[in-house]
Number of protein chains: 2
Amino acid sequence: MNSYTEENYLKALFILSTEAGETTVNALSKSLEIKMPTVNSMMKKLSEKGLVNYESYKPVKLTEKGKKEAALIIRKHRLTEMFLVEKMGFGWEQVHDIAEQVEHIKSPAFFDKMDELLAYPKVDPHGSPIPDKHGKIVWKKYTPLSECIKGQAVVLAAVTHSSDDFLKFLNARGLHLGISLKIKSIEPFDGSMVVSYAKKTETLSLVVCEKLLVA
Amino acid sequence: MNSYTEENYLKALFILSTEAGETTVNALSKSLEIKMPTVNSMMKKLSEKGLVNYESYKPVKLTEKGKKEAALIIRKHRLTEMFLVEKMGFGWEQVHDIAEQVEHIKSPAFFDKMDELLAYPKVDPHGSPIPDKHGKIVWKKYTPLSECIKGQAVVLAAVTHSSDDFLKFLNARGLHLGISLKIKSIEPFDGSMVVSYAKKTETLSLVVCEKLLVA
DNA sequence: TTAATAAGTTAGATTAATCTAACTATTATT
DNA sequence: AATAATAGTTAGATTAATCTAACTTATTAA
């Protein structure tokens with residue numbers, strides 16, 4: 001059984017590793033806001049437990065076992081977020097902090113029940129995939145809006161890095177998952193995009209467009 | 001802000017103090033399954049924080065502040081139990097262990113939402129009162145079934161010490177809160193009672209009758 | 001290619017929560 | 001009232017998770 005703390009390291013390892021398949025002590029340190037020596041000793045500990053492969057001065061990689069355990073925590077996090085939105089009436093910008101705590105609850109029955117009540121959802125309220133009971137996760141290949149071209153018609157499928165502020169920004173502009181967007185034009189000097197949706201037109205900065213994943 | 005551990009001590013203090021208004025280090029030690037020296041130093045700490053009144057070799061008493069904070073944790077526990085039963089379909093014998101973890105979640109919005117969805121319940125699934133947002137708790141004076149007399153017709157209002165085993169025992173006999181019971185006879189030698197309800201008759205041992213509260 | 005910068009490590013301290021062993025105080029029993 | 005039993009305390013050790021300070025290795029840039 002992993003501690004609350006260990007679970008947070010596993011989760012961070014999983015998230016930071018999605019692209020490169022590995023991550024660094026430094027990146028973990030920044031992401032968890034925990035100093036490097038602390039992260040260093042935790043890596044030794046997780047290595048002892050067979051959850052990561054770790055050698056001095058090299059990037060850290062989750063083992064298969066570590067990957068599975070991390071995915072199961074993320075499963076609990078995302079099921080919780082979905083439950084909070086779908087069954088309790090929270091907004092998608094409110095659920096992260098609650099799920100961050102609920103994800104550590106030890107009770108298979110609790111999360112199985114959520115899963116059942118939600119009719120076995122495949123994605124969370126931010127469009128991120130929910131790993132299955134075995135820790136398997138299916139990534140859909142979405143495109144950042146910023147990589148689309150003028151004239152394209154797309155559907156908003158997910159958001160990356162779903163901070164409170166960013167989601168409130170989207171709420172204020174009526175942008176939610178599933179909405180259809182049409183790219184009217186792209187400003188060459190700053191990469192901002194003029195998009196129309198739901199009978200209106202908005203200009204979105206490059207920073208915003210990079211965080212919107214479309215299909 | 002109290003730690004997870006401190007919250008557990010506060011809760012135990014509150015529960016153990018309900019009758020006498022105070023409790024002992026020994027009782028706390030047994031109830032929490034934590035050795036006395038550990039409890040002793042925690043009492044000093046909680047005393048420093050103004051949550052208990054504590055002097056060497058004397059019983060421990062919660063301060064008003066301590067009582068309020070304890071009641072608010074119990075509120076979260078009982079709201080959670082009610083939510084699990086009413087909104088998630090769990091049995092009353094399944095919810096204690098989950099609520100034991102959920103009660104420590106820091107999120108007023110989460111529990112306010114439960115409260116609202118449950119339409120501001122006054123009791124939990126075991127008939128225990130739910131403290132209000134200010135930590136006020138209203139105790140209804142129920143009578144143990146064991147103190148009733150032959151011929152009395154009563155309604156099952158609450159159970160004390162709701163262990164998994166005991167609740168399964170009640171489930172198996174169709175005994176649930178709100179059910180009407182009639183006392184047919186009382187065995188003088190062991191205090192067991194013959195009661196009828198829902199068109200059947202059962203014999204309940206004294207141990208069981210002491211744990212059933214009726215009105 | 002060497003010097004500067006960034007990343008990573010080691011050593012040692014701190015805090016919270018726990019324990020055991022040994023001692024003291026209180027309460028109960030003869 | 002003396003003694004045995006129970007309850008409570010003190011001292012000191014342990015573990016998990018964190019930190020700072022100092023040092024080492026690797027990477028980047030002049």
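Basis for what follows: all heavy atoms, side chains included, without hydrogens, waters or symmetry-related copies. Letters A, B, ... are given to chains in the order of the sequence lines, protein chains preceding strands, and every chain is numbered from 1.
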Subject >> Atom-pair distance (CD1 on A:I34; P on D:dA17), nearest Å >> reply: 10 Å
**OP:** May I ask you to say what B:Y4 touches in the nucleic acid, namely base, sugar-phosphate or nothing, with a heavy-atom cut-off under 4.0 Å?
**Re:** nothing
Original post:
Contact class for B:T38 vs. all strands (heavy atom < 4.0 Å): base, sugar-phosphate, or nothing?
Top reply: base
Original post:
Does a side-chain N or O from A:N40 land closer than 4.0 Å to OP1 or OP2 of C:dG8, or not?
Top reply: no
Original post:
Rounded to whole angstroms, how far apart are NZ on A:K49 and P on D:dA16?
Top reply: 9 Å
Original post:
Rounded to the nearest Å, what distance is computed from the CD atom of residue A:E33 to the P atom of nucleotide D:dT18?
Top reply: 12 Å
Original post:
At their closest point, which heavy atom of B:A71 faces which heavy atom of B:P131, and how far apart are they?
Top reply: O-CG, 3.4 Å
Original post:
Would you call the rings of A:F83 and B:F83 parallel, tilted or perpendicular if under 30° counts as parallel and over 60° as perpendicular?
Top reply: perpendicular
Subject >> Heavy-atom closest pair, residues A:E93 and A:D164 >> reply: O-OD2, 3.1 Å
Original post:
Between atom NZ in A:K35 and atom P in C:dA11, what is the gap in whole Å?
Top reply: 21 Å
**OP:** Give the minimum heavy-atom separation between B:A12 and B:L28, together with the two atoms involved.
**Re:** CB-CD2, 3.8 Å
**OP:** Could you check whether B:S3 gets within reach of a base, just the sugar-phosphate, or nothing at all, counting any heavy atom under 4.0 Å?
**Re:** sugar-phosphate
Original post:
So does B:E6 pair up with B:K49, basic N to acidic O under 4.0 Å?
Top reply: yes
**OP:** Could you tell me whether the phosphate oxygens of C:dG8, OP1 or OP2, come under 4.0 Å of any side-chain nitrogen or oxygen in A:Y54?
**Re:** no
Original post:
Picking from C:dT9, D:dA17, C:dT10, which would you name as closest to the side chain of A:K44?
Top reply: C:dT10
Subject >> Residue closer to the 5' end of DNA chain D, A:M42 versus A:S56 (nearest nucleotide) >> reply: A:M42
Subject >> Nearest-Å distance for atom pair CG/C1', residues A:N26 and C:dT5 >> reply: 12 Å
Original post:
Which nucleotide in the list C:dT9, D:dA7, D:dG8 gets nearest to the side chain of A:M36?
Top reply: C:dT9
Subject >> From D:dT10, D:dA21, C:dG8, nucleotide with atom closest to A:P37 side chain >> reply: D:dA21
**OP:** Specify the residue among A:Y57 and A:E6 whose closest nucleotide of DNA chain D lies further upstream toward the 5′ end.
**Re:** A:E6
Original post:
Once you round it to whole Å, what is the distance between C1' of C:dT15 and CG of B:N2?
Top reply: 17 Å
**OP:** Whole angstrom is fine here: how far is it from CE in B:M43 over to C1' in D:dT10?
**Re:** 17 Å
Subject >> A:V25 side-chain proximity, nearest of D:dA16, C:dT9, D:dT9 >> reply: C:dT9
Original post:
Which part of the nucleic acid, if any, lies within contact of B:S29, taking any heavy atom under 4.0 Å across all strands shown: a base, the sugar-phosphate backbone alone, or nothing?
Top reply: nothing
Subject >> Whole angstrom value for the distance that separates C1' of C:dA7 from CD of A:E55 >> reply: 17 Å
